[in-house]
Amino acid sequence: MSELIQYRLEDGVAFVGLCRAPVNALSQRLRAAILSACERAAADAEVKAIILHGADGLFCAGADIAEFGTDAAFAEPSLPDTLMRISEIDKPVIAAIGKLALGGGLELALACGYRVGEPGTRVGLPEINLGLLPGAGGTQRLPRLIGAESALNLILSGEQIDAERARLLGILDRLASEAKHLLDEAETYARELIAMSAPALPPEHCPRPAEDLPDGFFASFRERQESLWKNRLAPRLVLAAVEAACLLPLREGLARELSLFKQAEASSQSQALRHVFFAEREAGRIPNIAPDLPLRSIRKVAVIGAGTMGGGIAMNFVNAGIPVMLLEQQGAALDRGLTMIRKNYEISVKRGKLSADQVEARMELLHGTLDYAELADADLVIEAVFEKMEIKQQVFRTLDRVCKPGAILATNTSSLDVDAIAMSVSRPQDVIGLHFFSPANVMRLLEVVRGKATAPDVLATTMAIAKRIGKLAVVSGVCFGFIGNRMLEPYSREAQRLLLEGATPAQVDKVLTELGLNMGIFSMQDLAGVDVLYLIRQANQAATAHDESYCRIGDELTVLKRHGQKSGRGFYRYEGRERQEDPEVVALAERLSQELNISRRAVCDEEIHDRCLFMLINEGIQLLDEGIALRASDIDLVWINGYGFPAHLGGPMHYAEQLGLERVLASIQRYRSELGAYGEMWFQPAPLLKRLVAAGKTRIERF
Ligand code: CAA
């Protein structure tokens, strides 16, 4: 028997334990081992029932994602064939689902006649997050178990549901009283089934899965969702597969599902989403920091500044059960901050996401203070005060005086030099940047900015605490704007320059949203505040002063007090939430073009795409070369989670690889020669891009 399976027979019940750490991903070898163990049990006359379980408790997290895109994905025995064979065994097979059954793991359980969970069990079909659909019977067997509509919702949402909900839906037959009794109670169930000569497969709960659905359900569902799905392929394939479950006999439905699955698996969208899956896991690994490096303990956090940012940051920690001291200079500002936090929680109560008791428990973990002395025992202090170097340094000098030795001192700056802040204290090794994105309690991204002096255990501790509060942490070195905002700069510069050359904000934004970005650059600037971006530019003026046209329109809008959504006017005009193109902005662009001697012309969509995105990509490649980003995939995560870049394109670096690095380079070089002095100035291909192309590389990596 394979080392991937633990097999034992106990008084007529065969236990087949999957043991492929850490999550029993169903690789070709594990599939073969499961099949062979099940065949052995099926052929053994002494075996009356079979229990499939995770040898270490955890049942199965699905197909092995690393096999997709390789021959191993469908190498024999394929997952669908393995599961078909299990469903044909003429003895009851019971899945004992410890911890989780996801994707192919749940499909394995669905191929069994019976399923038992434990109180903490989670089940789901998250394939949609990988641009896939369940490809081993999930779209066919689940509708036959719980009905087409419930199955469709579960598959399209990718949601992981808890044990009780799974039991109510009919996915689990029983729940063990406690996790440690799962196998015993599954065995009891097996013996009951043997005693009553239960069939290997019980009759289908919903043999006609669409029975309760109105006529035309699938067509109208498709029509309603079409605009939300935009250019995503997987949801459309899911719908087709579930529809097939309602129209075709099981075997034909399974064949249809498999062909749709193969289409999804081969798509560039799924490739991109699989890249994102592994990128997220890779981001936590930091070269030269051992995974077992002892961490500093974080039991108490302090946040300086109770504004929108500070309040949002504080919420993250109390949400995770960590007490927070919130410090302000004035009592009124502190009260405002605490009231705003409570209001935010109350909105969650109204939406049914939190109970009133939970809100009280969280508010109790939050303490306001006006006195720095109260921060003496904080393990981690995060400064979120006004974005000005002198003010931040002043705060850090005070922290240096009051905080205990070993406390981590973090700044939430979005663009200032973390090393200069660290120099203001006597313990620069304890200083780090924690750049939260706004709204800080909602946005998943956290840029962790490692200063020159930051100690390895400070970095490792902040990465661990980020995970604890549910953030996706990406390490950045120190430079203006770190990874995200530094790349935003050339992207924004090109977009603004294109307005002077003849494009309109709506045209530029349309090209970007059609590509799948959540927001166009001008809508984003209006939301962030045209004035706020102006101040950031001012701080970086030395790098851009040689170009008179540089973000000139943004500067003029700031002077005109067109600060964006908050003032009702910015790059657009707003009526309520309605956004409209504003002829005044077009007129302003025309006037500036004349002043700056820039000739206007019709700008085509392709030019908008290439100039905005390739300049963004070029900057990302440069960041990698400088060592500011550890790896290209980290840059992808920053842009997907902080700036709404579509995950199904894999982030800007992966997108560039998909388009072809030669194409990106050729386009940059073309604009360099076509755009005259402006092109000469800005369209400088990153040296790393040139080296990669010259060496015939197709992936972006340090080289
Ligand atoms: N295939 C391959 N590797 C997997 C995997 C999978 N399905 N699920 C997890 N892993 C790996 C991770 O890459 C990670 O490896 P490293 O330690 O080398 O980085 C390790 O298992 C642990 O994973 P996490 O760091 O994510 O640990 P976690 O405890 O935070 O989360 C999890 C565990 C909830 C299972 C999470 O990993 C997860 O959501 N996995 C993906 C589940 C999924 O999408 N399943 C569907 C697969 S597609 C499918 O099954 C298609 C089909 O229909 C046939």
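Counting convention: from 1, in listed order, for ligands and their atoms alike. Bear in mind that the values here come from a model prediction, so they are computed numbers and not experimental data.
Looking at Gln160 next to ligand 1, no N or O pair under 3.5 Å apart turns up. Looking at Ala61 next to ligand 1, an N or O pair under 3.5 Å apart turns up. Residue Leu130 has no nitrogen or oxygen atom sitting less than 3.5 Å from a nitrogen or oxygen atom of ligand 1, judged on distance alone.
Near Pro134, meaning under 4.0 Å from one of its heavy atoms, ligand 1 places the atoms 53 (O). Under a 4.0 Å criterion applied to the non-hydrogen atoms of Gly62, ligand 1 contributes the atoms 50 (O). Of all atoms in ligand 1, numbered sequentially from 1 with element shown, those under 4.0 Å from a heavy atom of Gly104 are 49 (C), 50 (O). Those atoms of ligand 1 with a heavy atom of Gly135 less than 4.0 angstrom away are 52 (C), 53 (O). Residue contact check: Glu107 has heavy atoms under 4.0 Å from atoms 52 (C), 53 (O), 54 (C) of ligand 1. If you number the atoms of ligand 1 from 1 as listed, the ones under 4.0 Å from a heavy atom of Gly103 come out as 46 (C), 50 (O).
Within the 4.0 angstrom cut-off, atom 24 (P) of ligand 1 has one or more protein heavy-atom neighbours. Within a 4.0 Å radius of atom 41 (C) of ligand 1, the protein has at least one heavy atom. The protein reaches atom 13 (O) of ligand 1 closely, with a heavy atom under 4.0 angstrom from it. For atom 37 (O) of ligand 1, the nearest protein heavy atom lies under 4.0 Å away. There is a protein heavy atom less than 4.0 angstrom from atom 44 (O) of ligand 1. Counting only heavy atoms, the protein gets under 4.0 Å from atom 53 (O) of ligand 1. Counting only heavy atoms, the protein never gets under 4.0 Å from atom 33 (C) of ligand 1. Per-atom contact check: atom 7 (N) of ligand 1 touches the protein, criterion being a heavy-atom distance below 4.0 Å.
With hydrogens left out, the protein atom closest to atom 31 (O) of ligand 1 is Arg281 NH2, 4.9 Å, a heavy atom.
By the criterion of a heavy-atom distance under 4.0 Å, the side chain of Ala25, and not its backbone, is placed next to ligand 1. At a heavy-atom distance under 4.0 Å, no atom of Glu282 approaches ligand 1. The proximity of Ala63 to ligand 1, defined as any non-hydrogen pair under 4.0 Å, involves the side chain as well as the backbone. Contacts of Glu265 with ligand 1, taken as heavy-atom pairs under 4.0 Å, are absent altogether. With a heavy-atom cut-off of 4.0 Å, Leu125 does not touch ligand 1 at all.
With a 6.0 Å radius and a threshold of 12 heavy atoms from other residues, nucleotides or ligands, Asp625 has its CG atom above the threshold. Within a 6.0 Å sphere centred on CZ of Arg224, heavy atoms belonging to other residues, nucleotides or ligands number more than 12. The neighbour count for Arg29 CZ, taken as heavy atoms of other residues, nucleotides or ligands under 6.0 Å away, does not exceed 12.
Within the 4.0 Å heavy-atom shell around ligand 1 one finds Arg285. At a 4.0 Å cut-off, at least one heavy atom of Pro22 sits close enough to ligand 1 to count as contact.
Across Ile155 and Pro134, no two heavy atoms sit closer than the pair CG2-CD, 3.5 Å.
The aromatic rings of Phe437 and Tyr643 lie perpendicular to each other, with more than 60° between the two planes, well past the 30° mark.
Note on Glu67 versus Arg274: no salt bridge recorded, every NZ/NE/NH1/NH2 to OD/OE distance being 4.0 Å or above. Between Lys180 and Glu178 there is a salt bridge, with a side-chain nitrogen of the basic residue lying less than 4.0 Å from a carboxylate oxygen of the acidic one. Between Asp162 and Arg165 there is no salt bridge, since no side-chain nitrogen of the basic residue lies less than 4.0 Å from a carboxylate oxygen of the acidic one. Using a 4.0 Å cut-off between charged nitrogen and carboxylate oxygen, Asp379 and Arg299 do not count as a salt-bridge pair. The pair Glu76-Arg85 fails the salt-bridge criterion, with no side-chain N (NZ, NE, NH1 or NH2) lying under 4.0 Å from an Asp/Glu carboxylate O. Using a cut-off of 4.0 Å between Lys/Arg side-chain N and Asp/Glu carboxylate O, Arg236 and Glu226 are scored as salt-bridged. Ion pairing of Arg285 with Glu282 is present here, as a side-chain N (NZ or NE/NH1/NH2) and a carboxylate O approach within less than 4.0 Å.
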Show your working on side-chain hydrogen bond (donor to acceptor under 3.5 Å, both in side chains) between Gln271 and His275 and close with a plain yes or no.
CA-CA 6 Å; Gln271 236 180 318; His275 157 76; over 6 Å; no
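Between Leu354 and Arg362, some side-chain heavy-atom pair lies under the 4.5 Å cut-off. The shortest distance between side-chain heavy atoms of Ile34 and Ile86 falls below 4.5 Å.
Both tests pass for Arg281 against the ring of Phe277: distance under 6.0 Å to the centre and angle within 45° of the axis.
The nearest non-hydrogen atom to atom 48 (S) of ligand 1, considering only Glu127, Arg122, Lys99, comes from Glu127. The option from Leu79, Leu102, Val23 that lies nearest to atom 39 (O) of ligand 1, judged by heavy atoms, is Leu102.
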